[in-house]
**Student:** 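Supplied in C-alpha cells, the structure appears directly below.
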Amino acid sequence: MATVTQARPSTRRWSEVGLLVIALGLGIYAYAQVGLNTEGTVPANMVGYSIGMVVLAGALHGILRWRAPYADPVMLPAAVALNGIGLAMIYRLDYSYALRGQEATFAPRQFVWTVVSVAAAAAVLIFLRDHRTLRRYTYTALIVGLVLLVLPLVPGLGVTINGAQIWIRLGSFASFQPGELAKIALAIFFAGYLVTHRDNLALAGPKVLGVHLPRARDLGPILLAWAVSLAVLIFERDLGTSLLFFGMFVAMLYIATERLSWVLIGVVLFAGGAIAAATLFPHVQARFDVWLHPLDPTVYERSPGGSFQLVQGLFGMANGGLMGTGWGLGYPYLVPYANSDFIIASLGEELGLTGLLAILAIYLVLAQRGLRTGIGVRDGFGKLLASGLAFVIAFQTFVVVGGVTGLIPLTGLTAPFLAYGGSSLLANWMIVALLLRISDGARRPAPLAGVVPSAGGAVPLGGPAAAVQPTDAEATTTSGPPVAVAVVAPVSAPATPAEHGVSRPKPPNEPTNPVFGGDAGRGDAGRGDDENPTQAVRLS
C-alpha cells in the first residue's frame, strides 16, 4: 500500500558537530604544539583556552539549532578552524616577543575579540530572523557605510598608524578600523540598489568589438563607486580598503546584470586610478616600488616604506619549504607585523607549503559555500548579498596572499580570521553569521501545500497520511525496503486545488524570473531549494 507522508529534509546539524570537532582539534592541537616546541610543556592556560573555544563554538552551534536549523553545516566549522589556527600563531609570536622584551599580550586580546565577535555573530542570528528585512534599510546602510568610511578623517577621533589613517581611537581600546564594518553596510546597500535597478543596468547599449557597453546614463553608479574608492585611497592612504570596496561593487554588479562589460569598465577604471595615484602620491608610489624592486638596496634599506618586510617574509616562507619547520621552531618574529599583515608568511614558514595550501583550501570551502548559498536562495536580494559577502572573503584572501608572495603590491589588508585585529575579526564573524542566515533561507523547505494534484486525482497533505491504492504494476515492482518518491504535479492536471475544496491563493508578487524572482516581497512560501523536498509518497 502506498501512503503519502511528509519527508523532512535533514538539517545536517550533526554533520556540523563532527566538523566542529575536527576544527576545534586543529586549533587546540596547534596551541599545545606551540608550548611543547618552545617550553617543553603545554601552555599553562591550555585547559582554559580549550574550554573557552569549545564553549564558544558549542554556543553558536546551539543558536543555529534554535534560530537557523537549516543553515549551511560547513561555514561555522571553517571559520572556527581559521580562528583557532590564527590564535595559535599569535600565541607563538607572543612567546618570541616576550623573550626579546617586546609587547607580548596580543594573544589574550585576540581571544577577547574572539569572544566579542562570536557574540556579535550570535546576535545577528538571533535578532535577524529573515535576511530580506535588511532590504528595507538599503539607503540607511549607504549612509552608515559612508559615515564609517570617513570617521578616521574626523579630527581628534582618527589616528594615523604606519602612514594610513584608517583607525579611530575608542576609549581604552588602542584602535578600531571602522572600514571593516563599512564593507558589510555597503554590501547591503549594493544588494538592495542593484536588485531594484538591475533591469536598467542590464539594458544593452552600443556594441563595440563584440561587447555590449552600458548606456552613458547608466554609468553613474560605477563612477560614484570609483570616485569613493579613490577618495579612500587618497585621503586615508588605504590601498587595501579602496581595492576591496570597488572590487566588491563591480563583482555584485556583474552578478546582477551578467554583463562582462561592467567588469571590463571596472578593471579599466581601477587600473587608471591606481596608475594616476602611483604617479601623484608618494605613499602609493612607495608600494609600487616595493613590489617591482624588492631587492634593490635603496628600496630594501629605505625606512619607512622599504621592502625589508616583504623580503623577510619571502625568506621565511622559503625557509619553511614543503613541510615547514614546525610550530614554534621557525623565525617568523623577524618579519615586522608578523601577527597581522604578514601572518600568512609566518604560517608558511612553520607549516610549509603543505600547511599553507590546507589553510587556503579552508578559505576556498568557506567562499564556495557562500556562493552556493547565493545560488540556492530564491530572492534576488539574498542572491546578491550572499554572493557579495562570499566574494569579500575570497577577494580579501587573494589580495593578502598575493601581496605577501609578491604577486601584487602590498595593500595593508589582513587575512580573515587569522590575523591579529579586533575590527577585522568582528566584521568577518558577522559576515559568516549573515551567510548562515541566508543559507537557512535557501535550504529551508517550503511549507506544505493543501493538496498535491496527481494523475489519479488530488492527494491531501498535511494531516494523517491518505491511503493510495497502488496499481498492479506498482504492486509487482515495489518489493524491498520503502522508497521515497517525490510527488510531481502533471503539466495538465485533471483537477485544480479549488475543485477539491482547498483554497490556494497565488502568493503576492510571484516571481517570473528564474534567477531573481520574488524580489519585491516574497513570503516564506518561496523558501527552499530543489535539494529539500517536503512531500513524498512512501511505498510500503
Side-chain angles (χ1 to χ4, degrees), residues 9-24 53 55-84 114-135 180-181 183-185 187-188 191 362-379 381-394 396 416-417 424-445 524 527-529 531-532:
S10 173
T11 61
R12 308 297 297 275
R13 298 272 67 86
W14 286 113
S15 299
E16 183 178 76
V17 170
L19 293 174
L20 277 175
V21 171
I22 298 174
L24 289 168
M53 292 298 294
V55 169
L56 289 175
L60 208 51
H61 169 76
I63 291 174
L64 285 177
R65 284 182 174 270
W66 172 39
R67 288 297 198 185
Y70 291 95
D72 188 282
V74 179
M75 292 187 200
L76 177 59
V80 169
L82 292 171
N83 201 162
T114 299
V115 175
V116 173
S117 302
V118 172
V124 171
L125 291 169
I126 292 174
F127 296 107
L128 181 64
R129 300 300 302 272
D130 193 329
H131 66 273
R132 292 169 294 185
T133 306
L134 296 175
R135 189 177 175 185
E180 290 287 344
L181 297 179
K183 66 185 180 185
I184 300 177
I188 295 172
I362 299 176
Y363 278 122
L364 179 63
V365 169
L366 184 58
Q368 184 270 338
R369 302 300 289 198
L371 292 174
R372 181 181 178 183
T373 295
I375 294 173
V377 72
R378 295 288 181 88
D379 64 292
F381 175 79
K383 287 180 181 294
L384 285 175
L385 182 58
S387 301
L389 295 177
F391 175 82
V392 164
I393 294 176
Q396 185 168 343
F417 299 103
S424 175
L425 191 62
L426 176 64
N428 286 304
W429 268 110
M430 292 179 67
I431 287 175
V432 168
L434 287 172
L435 289 174
L436 287 169
R437 169 54 64 202
I438 299 173
S439 69
D440 177 68
R443 300 178 70 247
R444 182 181 293 271
D524 288 337
R527 305 175 72 169
D529 58 17
E531 296 178 358
N532 297 313

**Student:** Kindly compute the distance separating CG (L56) from OG1 (T114), expressed to the nearest 0.5 Å.
**Tutor:**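 That separation rounds to 7.5 Å.
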**Student:** Can you check whether K183 reaches V392 side chain to side chain, under 4.5 Å on heavy atoms?
**Tutor:**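 They are in contact (side-chain heavy atoms under 4.5 Å apart), so the answer is yes.
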**Student:** Distance under 6.0 Å and angle within 45° of the ring axis: does R65 meet both against W14?
**Tutor:**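 Yes.
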**Student:** Has N428 got a side-chain atom pairing as donor or acceptor with S424's backbone, closer than 3.5 angstrom?
**Tutor:**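 The answer is yes, because a donor-acceptor pair under 3.5 Å joins these two groups.
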**Student:** Contact between Q368 and L371 at the side-chain level, heavy atoms closer than 4.5 Å - yes or no?
**Tutor:**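 Side chain of Q368 against side chain of L371, heavy atoms only: no contact under 4.5 Å found.
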**Student:** Under a 4.5 Å cut-off applied to non-hydrogen side-chain atoms, are V432 and L76 in contact?
**Tutor:**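 The answer is no, as the side chains (C-beta and beyond) never meet within the 4.5 Å cut-off.
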**Student:** To the nearest 0.5 Å, what is the distance between CG on L384 and CZ on R135?
**Tutor:**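 Answer for the CG-CZ pair, L384 versus R135, is 9.5 Å.
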**Student:** To the nearest 0.5 Å, how far apart are CE in M75 and CD in E16?
**Tutor:**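 Going from the CE atom of M75 to the CD atom of E16 covers 10.5 Å.
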**Student:** D130 side chain to T133 main-chain N or O, any donor-acceptor pair under 3.5 Å?
**Tutor:**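 No; judged by distance alone, with no hydrogens or angles, the pair does not exist.
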**Student:** Can you check whether Y70's main-chain N or O pairs, donor with acceptor, with R443's side chain at less than 3.5 Å?
**Tutor:**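 Checked: pair present.
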**Student:** Using only atom types and a distance under 3.5 Å, with no angle test, would you say the side chain of R13 pairs donor to acceptor with the backbone of A71?
**Tutor:**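 Yes; judged by distance alone, with no hydrogens or angles, the pair exists.
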**Student:** Does the Y363 side chain pair with the main chain of P416, one donor and one acceptor, at a distance under 3.5 Å?
**Tutor:**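 Yes; judged by distance alone, with no hydrogens or angles, the pair exists.
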**Student:** Check the angle between the aromatic planes of W429 and F417 and answer parallel, tilted or perpendicular using the 30° and 60° thresholds.
**Tutor:**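 Perpendicular.
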**Student:** Side chains of L134 and L434, heavy atoms from C-beta outward: is any pair under 4.5 Å?
**Tutor:**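 SC-SC contact between L134 and L434 confirmed.
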**Student:** How many angstroms lie between atom CG of L181 and atom CG of L426, to the nearest 0.5 angstrom?
**Tutor:**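 Here the rounded value is 5.5 Å.
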**Student:** Give, for atom CG of L385 and atom OG1 of T373, the distance between the pair rounded to the nearest 0.5 Å.
**Tutor:**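 Reported to 0.5 Å precision, the distance equals 11.0 Å.
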**Student:** Quick one: NE2 on H61 to CG on L20, what's the gap to the nearest 0.5 Å?
**Tutor:**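 Here the rounded value is 7.0 Å.
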**Student:** Can you tell if the side chain of L125 reaches within under 4.5 Å of the side chain of W66, non-hydrogen atoms only?
**Tutor:**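 No, too far: nothing below the 4.5 Å cut-off.
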**Student:** Is it true that the side chains of D379 and H131 contain a donor and an acceptor less than 3.5 Å apart?
**Tutor:**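 Note: D379 and H131 side chains meet the donor-acceptor criterion.
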**Student:** Around atom CZ of R67, are there more than 12 heavy atoms of other residues, nucleotides or ligands at under 6.0 Å?
**Tutor:**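 Atom CZ in R67 is crowded, with more than 12 foreign heavy atoms closer than 6.0 Å.
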**Student:** Are the side chain of S439 and the backbone N or O of D72 linked by a donor-acceptor pair below 3.5 Å?
**Tutor:**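 Between the backbone of D72 and the side chain of S439 there is a qualifying donor-acceptor contact (under 3.5 Å).
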**Student:** Donor-acceptor pair, R369 side chain versus V74 backbone, under 3.5 Å?
**Tutor:**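 No; judged by distance alone, with no hydrogens or angles, the pair does not exist.
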**Student:** Output yes when a side-chain donor or acceptor of K383 lies under 3.5 Å from a complementary backbone atom of R378, and no otherwise.
**Tutor:**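 The answer is no, because no donor-acceptor pair under 3.5 Å joins these two groups.
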**Student:** Any side-chain heavy atom of L64 within less than 4.5 Å of one from P69?
**Tutor:**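 Counting from C-beta outward, L64 and P69 never come under 4.5 Å.
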